[in-house]
Structures are given as structure tokens and as C-alpha cells.
Amino acid sequence: MRKKIIAANWKMNLTHTEAESYFATFLSEIGQVVNDLEIVIIPAFTAIPALISASEKMPILRIGAQNMHWEKSGAFTGEVSAAMLRALYVKYVIVGHSERRTLFGETDEIVNRKVAAALEAGLRPIFCVGETLQERDGGQVEEVLRRQLSKGLAGVAQKDLLEIVVAYEPCWAIGTGRSATPAEAQQSHSFIRTVLSELFGSPAAERIRIQYGGSVKPENAEDLMRQKDIDGALVGGASLDPRSFAGIIWRTEAALA
Ligand code: PGA
């Protein structure tokens with residue numbers, strides 16, 4: 001049984017004070033502790049300390065980071081290392097988000113170095129893959145996913161695989177309001193699991209969690225979360241409002257019922 005993981009990717013939004021008031025509303029919306037889910041909030045670096053202390057009130061909540069550098073330390077102005085995040089008790093880090101790949105030039109090789117550095121430091125990578133609209137229209141979805149998975153996870157030891165969460169985020173669904181249909185998402189998730197099984201063996205592939213991301217909102221969350229190979233969501237826009245993020249969590253609970 002794979003525990004569902006619902007993560008809020010705030011991107012470059014919310015100051016640390018805004019994060020604190022968000023959290024207070026979120027906590028009252030969520031009410032009872034949700035037992036069968038893992039919830040992760042992934043703010044900008046500056047809001048991490050405030051959220052770490054606030055999240056002590058909610059043990060099933062984890063805090064993540066949106067990025068990190070693969071080197072341990074050194075002359076890399078503007079960068080943050082995995083050890084710096086671990087020192088703040090950060091548990092997860094997003095690696096290979098499509099915005100990092102397209103806007104900041106991150107290649108599969110860079111993503112692979114970050115995955116390795118995160119694992120070495122004891123951080124759990126949320127490793128993102130997904131095709132562009134052009135690639136989808138060109139019938140290249142499987143080829144792109146296979147390449148991103150095999151290059152991004154190259155050298156990962158089998159024992160470390162379950163530290164990783166894969167996030168399938170078709171680029172055309174991110175921030176567009178146009179989510180993949182549950183059937184489209186399920187098809188890609190099942191393909192991702194097949195590739196992971198070729199790379200790491202079927203027992204590990206059956207246990208690894210694969211999140212869907214791309215215009216997830218309370219209205220579509222339940223149908224998506226009912227799909228056999230969808231083990232959670234990585235939510236951007238709809239996670240910026242604590243009520244709508246809480247709504248996605250409740251819809252996920254409903255899908256589990
Ligand atoms: P979205 O973003 O929910 O706004 O589409 C998802 C993501 O980029 O992780």
C-alpha cells in the first residue's frame with residue numbers, strides 16, 4: 001500500500017509572514033489529523049524556518065524545498081546546498097521541475113547530480129518528469145519519459161529508490177487550468193512504473209510513489225487520486241489558497257474511502 005502524498009509547490013510566492021497566516025488558516029481547515037496521507041508544503045527558501053516551527057503542531061506535515069545545488073559547498077553565489085536544507089529539518093526537495101528545466105536550463109545530467117546529492121544528504125527528492133505539448137502532439141510521450149527517468153535516476157542504488165517520489169507533470173497542464181484527464185494521467189503513470197520496473201525491478205517499482213501535477217484543484221482531485229497508479233499530487237496554483245489546498249486533501253481522503 002503506497003501512502004498518498006499531497007504536496008504544495010508555492011513557487012515564488014508568499015513571504016514568511018504570509019506563510020504563517022496561511023498555515024494558521026490551513027490548520028483550522030484541516031481540523032482533525034489526517035491519518036492516511038502525507039502532506040508536504042514547499043515554500044520559498046525564506047519561509048522554510050517559519051513553517052518548520054509552525055508545522056510542529058501537525059506531525060503528518062513535512063516541509064520541502066523547491067531547489068538545491070548539487071555541490072556540498074563552495075563559490076556558487078546564490079545557491080543553497082542539501083546539507084543547509086537538512087540542517088533546517090527539511091525532508092523533501094523538488095528536483096527537475098519543468099520550470100527549472102525550461103527557464104533555468106537544467107538538463108537531465110544536472111537533474112541527475114541533484115538527485116544524487118539530495119539522497120547523499122538524506123533529503124527525499126521529488127523528481128519531476130513530463131512532456132511538452134509539442135512532444136505529446138508528436139507522439140513522443142513515452143520516449144521523453146523514458147529518457148528523463150533513465151538519465152535522471154542513473155546511478156541511483158536500488159535501496160535508495162524508495163526515498164524518491166516521482167512527479168509526473170505534463171508541461172502543458174502546469175499553470176494552464178487544463179489538467180490531464182484521469183485516464184491520460186493514469187496511462188503515463190503506468191508507463192512510468194513500467195520503466196522503473198525495468199530499471200530497478202518490479203518490487204521497488206510497485207512501491208515507489210508517483211504524484212500527478214498540473215492544474216490539480218479540489219474539483220478534479222478525487223477522480224485523479226482514484227487512479228490505480230496515482231499516489232498523490234504536486235499542486236501549484238491551487239495550493240496558494242489554504243482553503244483550496246485543504247479541499248484537495250479532503251477530496252483525496254474521499255478517494256481513499
Ligand atoms: P499548477 O502547478 O498546479 O499550478 O499547474 C503544478 C506544478 O508546477 O508543480
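Start at 1 and go down the list; that is how both ligands and their atoms are numbered.
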Are I208 and R193 close enough that some pair of their side-chain heavy atoms sits under 4.5 Å apart? yes
Taking the basic N atoms (NZ, or NE/NH1/NH2) and the acidic carboxylate oxygens, is any pair closer than 4.0 Å for R113 and E109? no
Aromatic ring pairing Y168/Y212, orientation class (parallel under 30°, perpendicular over 60°, tilted between): tilted
Within-shell test, A173 vs ligand 1, heavy atom, strictly < 4.0 Å: yes
Contacting atoms of ligand 1, where contact means under 4.0 angstrom from a heavy atom of E169: 6 (C), 7 (C), 8 (O), 9 (O)
Sub-3.5 Å N/O-N/O distance, I174 and ligand 1: no
Identify the closest protein heavy atom to atom 3 (O) of ligand 1: which residue and atom is it, and at what distance? G236 N, 2.8 Å
Within-cut-off N or O pair, A238 and ligand 1, under 3.5 Å: no
In terms of its nearest heavy atom to atom 8 (O) of ligand 1, the top option of H97, Q211, E99, R178 is H97
Heavy-atom closest pair, residues A255 and R226: O-NH1, 3.6 Å
Could you check V40, V165, N9, N67 and say which one makes a side chain to side chain contact (heavy atoms under 4.5 Å, CB included) with I94? N9
Is it the case that atom CD in E79 sees more than 12 heavy atoms from other parts of the structure closer than 6.0 Å? yes
Hey, is K217 one of the residues with a heavy atom under 4.0 angstrom from ligand 1? no
Any atom of ligand 1 sitting under 4.0 Å from a heavy atom of G214? yes
Quick one: which ligand 1 atoms are inside 4.0 Å of a heavy atom on G175? 1 (P), 4 (O), 5 (O)
Does the pair D231/K3 count as a salt bridge with the N-to-O cut at 4.0 Å? no
Which is closest to atom 4 (O) of ligand 1 in terms of heavy atoms, G237, S215, S98? G237
With a cut-off of 6.0 Å (strictly less than), are more than 12 heavy atoms of other residues, nucleotides or ligands near OH of Y89? no
Ligand-residue contact atoms, ligand 1 with L234, heavy atoms, under 4.0 Å: 6 (C), 9 (O)
